[in-house]
Novice: 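So that we are looking at the same thing, I have put the structure below in structure tokens.
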2 protein chains.
Amino acid sequence: MTVRVLLADDEHLIRGALAALLALEDDLVVVAEAASGPEALAMARAHQPDVAVLDLQMPGADGVRVATSLRAELPGCQVLIVTSHGRPGHLKRALAAGVRGFVPKTVSAQRLAEIIRTVQAGNRYVDPELAADAISAGDSPLTAREAEVLELAADGAPVAEIAERAALSPGTVRNYLSSAVSKLGAENRHTAVRLARERGWV
Amino acid sequence: MTVRVLLADDEHLIRGALAALLALEDDLVVVAEAASGPEALAMARAHQPDVAVLDLQMPGADGVRVATSLRAELPGCQVLIVTSHGRPGHLKRALAAGVRGFVPKTVSAQRLAEIIRTVQAGNRYVDPELAADAISAGDSPLTAREAEVLELAADGAPVAEIAERAALSPGTVRNYLSSAVSKLGAENRHTAVRLARERGWV
DNA sequence: GCGGCTTTCTGACATTTGTCATGAGCGGCG
DNA sequence: CGCCGCTCATGACAAATGTCAGAAAGCCGC
């Protein structure tokens with residue numbers, strides 16, 4: 001029984017190399033490749049793969065968003081996410097989106113092939129190290145608005161601009177930022193942004 | 001005549017896959033692999049490759065630093081840098097370090113193989129798109145001190161901390177930051193940091 | 001040595017941020 | 001219902017930041 005695999009990664013070099021390696025496994029066949037989120041979706045619709053191996057960061061729509069659409073459209077297709085930068089929050093988002101596997105790109109090709117089989121069989125696989133990170137990072141203490149405002153503050157915009165973009169009064173924005181900063185134990189909004197980023201809370 | 005290649009990338013999956021793909025070219029042979037900067041250096045010393053294919057971001061020492069050491073120790077070994085995120089400044093640094101090739105990971109394996117041969121023959125190859133970016137980004141308008149202070153400000157530290165770490169008075173730090181901000185046309189230090197990062201000036 | 005340059009500092013000022021108290025409105029939960 | 005937490009707001013104050021003018025010290029070239 002062969003497993004039909006969809007491969008999505010924006011880096012051509014990686015994607016091609018990966019396809020070549022997976023082709024060495026005689027029970028796996030790469031039926032489609034994609035370089036962006038939307039393309040991955042289109043390919044999945046066209047080729048109905050058993051397992052979709054998605055890069056987390058892709059132009060268009062990231063791996064998790066693609067996974068969400070995929071679960072709705074192709075319930076039979078299991079999603080496995082592969083990533084270079086494993087932030088705890090990404091893992092959490094991915095799991096919530098119905099992703100069955102989540103591994104860093106540091107695994108070997110053999111391991112990946114095994115994990116593809118595991119996922120195809122309906123089981124889950126999460127890299128132990130990433131799982132440990134996610135658990136130790138815990139849940140976000142931020143409320144929805146705090147996270148939203150913090151995100152708008154991420155690129156260094158002044159309060160006035162954040163207020164405008166969030167349709168809030170400047171005073172309110174400062175209050176949210178202040179509480180976010182204190183919840184995160186940061187010195188100022190910018191370190192707060194950095195911390196939240198590291199823990200995957202934004 | 002076969003080209004002896006050293007492959008360095010911290011992502012096991014990528015490295016293995018790449019090795020497999022390059023092995024398909026019958027004039028290329030991967031004589032060593034490394035997962036970190038120091039390891040790449042050690043491997044190069046041990047195996048004397050003709051071309052070193054280095055990832056830009058690696059633990060230990062980044063691709064450019066490895067390239068610098070390599071040029072000193074093995075003048076016969078040409079360096080080719082491969083990267084996911086092509087910032088203009090990286091390219092400039094790399095070229096200054098004597099790197100002969102600089103390509104994004106979006107190229108195909110065939111292209112990469114060709115480029116390896118190009119580089120091995122003593123020619124240079126720089127991805128046209130990255131080159132265009134680098135040219136349009138131009139030279140940094142920042143003085144050495146401005147860049148230094150801006151870098152220390154990068155993680156959101158308050159002025160007092162920057163002053164201490166740079167052994168400057170707080171007032172001086174603010175002056176440098178102010179002039180850097182105005183030179184970059186930014187609204188505040190944080191957008192300035194972001195802009196300088198994007199252009200590769202820090 | 002003089003003029004020009006950079007580096008470094010100081011002091012003063014306006015603006016922006018961070019912090020706090022306080023309050024109104026709303027939705028959920030026991 | 002009453003309580004609690006989230007949302008949104010205002011006002012006031014302290015602290016940090018941004019901006020500017022001015023000035024001492026050192027270095028380089030002529």
Side-chain angles (χ1 to χ4, degrees), chain A residues 88-89 92-93 96 137-202, chain B residues 89 92-93 96 138-202:
Chain A
K92 207 161 289 188
R93 273 203 312 141
D139 270 337
S140 171
L142 303 176
T143 68
R145 283 285 179 266
E146 285 162 359
E148 185 189 337
V149 170
L150 201 56
E151 192 146 22
L152 289 170
D155 51 355
V159 169
E161 194 179 316
I162 301 172
E164 199 185 353
R165 290 214 272 166
L168 290 174
S169 95
T172 307
V173 169
R174 291 199 288 161
N175 286 338
Y176 282 143
L177 283 175
S178 182
S179 92
V181 164
S182 77
K183 280 180 180 176
L184 295 173
E187 295 186 308
N188 56 44
R189 68 171 74 176
H190 303 284
T191 58
V193 166
R194 194 166 45 77
L195 286 173
R197 279 264 166 81
E198 280 171 13
R199 294 166 169 63
W201 292 338
V202 292
Chain B
K92 207 161 291 188
R93 274 203 310 142
D139 271 336
S140 171
L142 303 176
T143 67
R145 281 284 180 273
E146 285 162 1
E148 184 190 338
V149 170
L150 201 56
E151 192 146 21
L152 287 171
D155 51 353
V159 170
E161 194 179 318
I162 302 172
E164 199 185 354
R165 289 214 273 165
L168 289 175
S169 94
T172 307
V173 168
R174 290 200 286 161
N175 287 338
Y176 281 141
L177 283 174
S178 183
S179 91
V181 164
S182 77
K183 279 179 181 176
L184 295 173
E187 295 185 307
N188 56 45
R189 70 170 76 173
H190 303 285
T191 58
V193 166
R194 194 166 46 77
L195 287 173
R197 278 264 165 80
E198 281 170 13
R199 294 166 168 65
W201 291 338
V202 292

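On a predicted model such as this, the values are computed, not experimentally measured, just so you know. Hydrogens, waters and symmetry mates play no part in the numbers below; they use all other heavy atoms, side chains included. Numbered from 1 within each chain, the chains take letters A, B, ... in sequence-line order.
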Novice: Please report the C-alpha distance between Asp155(A) and Glu161(A) in whole Å, then the side-chain angles of each, then the deciding distance to 0.1 Å, and finally whether the side-chain contact (heavy atoms from CB on, under 4.5 Å) criterion is met.
Specialist: CA-CA 11 Å; Asp155(A) 51 355; Glu161(A) 194 179 316; 5.6 Å; no
Novice: If we ignore hydrogens and angles and just use 3.5 Å, is the side chain of Asn175(B) paired with the main-chain N or O of Ser178(B) as donor and acceptor?
Specialist: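 Here the side-chain-to-backbone pair does not exist.
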Novice: In whole Å, I'd like the distance from the CG atom of Asn188(B) to the P atom of dT16(C).
Specialist: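 Rounding to the nearest Å, CG of Asn188(B) and P of dT16(C) are 11 Å apart.
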Novice: Whole angstrom is fine here: how far is it from CD in Glu146(A) over to P in dT19(C)?
Specialist: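 Checked: the CD to P distance equals 13 Å.
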Novice: Rounded to whole Å, how long is the line connecting atom CD of Glu148(B) with atom P of dT6(C)?
Specialist: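 About 17 Å, once rounded to whole Å.
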Novice: Could you run down the sub-3.5 Å N/O contacts of the protein with nucleotides 19-26 of chain D?
Specialist:
unit_1: dC20(D); atom_1: N4; unit_2: Asn175(B); atom_2: OD1; d: 2.9

Novice: If you measure from NZ on Lys92(A) to CZ on Arg199(A), what distance do you get to the nearest 0.5 Å?
Specialist: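 Going from the NZ atom of Lys92(A) to the CZ atom of Arg199(A) covers 11.5 Å.
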Novice: Using whole Å, what does the distance between atom C1' of nucleotide dT6(C) and atom CG of Leu142(B) come to?
Specialist: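 It works out to 15 Å between those atoms.
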Novice: Can you identify which nucleotide, out of dC8(D), dT7(D), dT17(D), has its nearest atom closest to the Ala144(A) side chain?
Specialist: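 It is dT7(D).
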Novice: Between dG18(C), dT10(D), dG18(D), which one does the side chain of Arg189(A) approach most closely?
Specialist: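 Within the option list, the nearest is dG18(C).
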Novice: Looking only at side-chain atoms of Ser169(A), point me to the closest of dT10(D), dC9(C), dT17(C).
Specialist: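 Out of dT10(D), dC9(C), dT17(C), the nucleotide with an atom closest to Ser169(A)'s side chain is dT10(D).
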Novice: Could you grab the distance from atom CD of Glu146(A) to atom OG of Ser182(A), nearest 0.5 Å is fine?
Specialist: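 Interatomic distance, Glu146(A) CD to Ser182(A) OG, rounded to 0.5 Å: 8.0 Å.
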Novice: What closest approach, in Å, do Ala157(A) and Ile162(A) show between heavy atoms, and which atom pair accounts for it?
Specialist: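 Looking at all heavy atoms of both residues, the shortest contact is O-CD1, 3.6 Å.
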Novice: Which part of the nucleic acid, if any, lies within contact of Thr172(A), taking any heavy atom under 4.0 Å across all strands shown: a base, the sugar-phosphate backbone alone, or nothing?
Specialist: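 Here Thr172(A) touches the bases of the nucleic acid.
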Novice: Can you check whether Arg194(A) reaches His190(A) side chain to side chain, under 4.5 Å on heavy atoms?
Specialist: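 Sidechains of His190(A) and Arg194(A): no contact.
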Novice: Apply the test side-chain contact (heavy atoms from CB on, under 4.5 Å) to residues Glu148(A) and Leu168(A): give CA-CA distance (whole Å), side-chain angles for both, the deciding distance (0.1 Å), then the verdict.
Specialist: CA-CA 11 Å; Glu148(A) 185 189 337; Leu168(A) 290 174; over 6 Å; no
Novice: So for the helix from dG1(C)-dC30(D) to dG30(C)-dC1(D), with five pairs setting each end axis, what is the inter-axis angle to 10°?
Specialist: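 It works out to 30° between the end axes.
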Novice: Relative to the 5' end of DNA chain D, which residue comes earlier, Lys183(A) or Ala167(A), by the nucleotide with the nearest heavy atom?
Specialist: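 The answer here is Lys183(A).
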Novice: Start with the C-alpha distance between Val173(B) and Arg165(B), add both sets of side-chain angles, then the distance that settles side-chain contact (heavy atoms from CB on, under 4.5 Å), and finish with yes or no.
Specialist: CA-CA 11 Å; Val173(B) 168; Arg165(B) 289 214 273 165; over 6 Å; no
Novice: Between atom CG in Leu150(A) and atom C1' in dT7(D), what is the gap in whole Å?
Specialist: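 Result: 17 Å.
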Novice: Given atom CG of Leu184(A) and atom P of dG18(C), what is their separation to the nearest angstrom?
Specialist: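 Checked: the CG to P distance equals 13 Å.
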Novice: Taking only the side-chain nitrogens and oxygens of Thr143(B), find out if one of them lies under 4.0 Å from OP1 or OP2 of dT6(C).
Specialist: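 Result: no.
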Novice: Can you identify which nucleotide, out of dT8(C), dC8(D), dT10(D), has its nearest atom closest to the Tyr176(B) side chain?
Specialist: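 Nearest listed nucleotide: dT8(C).
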Novice: Report yes if the side chains of Trp201(B) and Leu184(B) come closer than 4.5 Å at any heavy-atom pair, otherwise no.
Specialist: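 They are in contact (side-chain heavy atoms under 4.5 Å apart), so the answer is yes.
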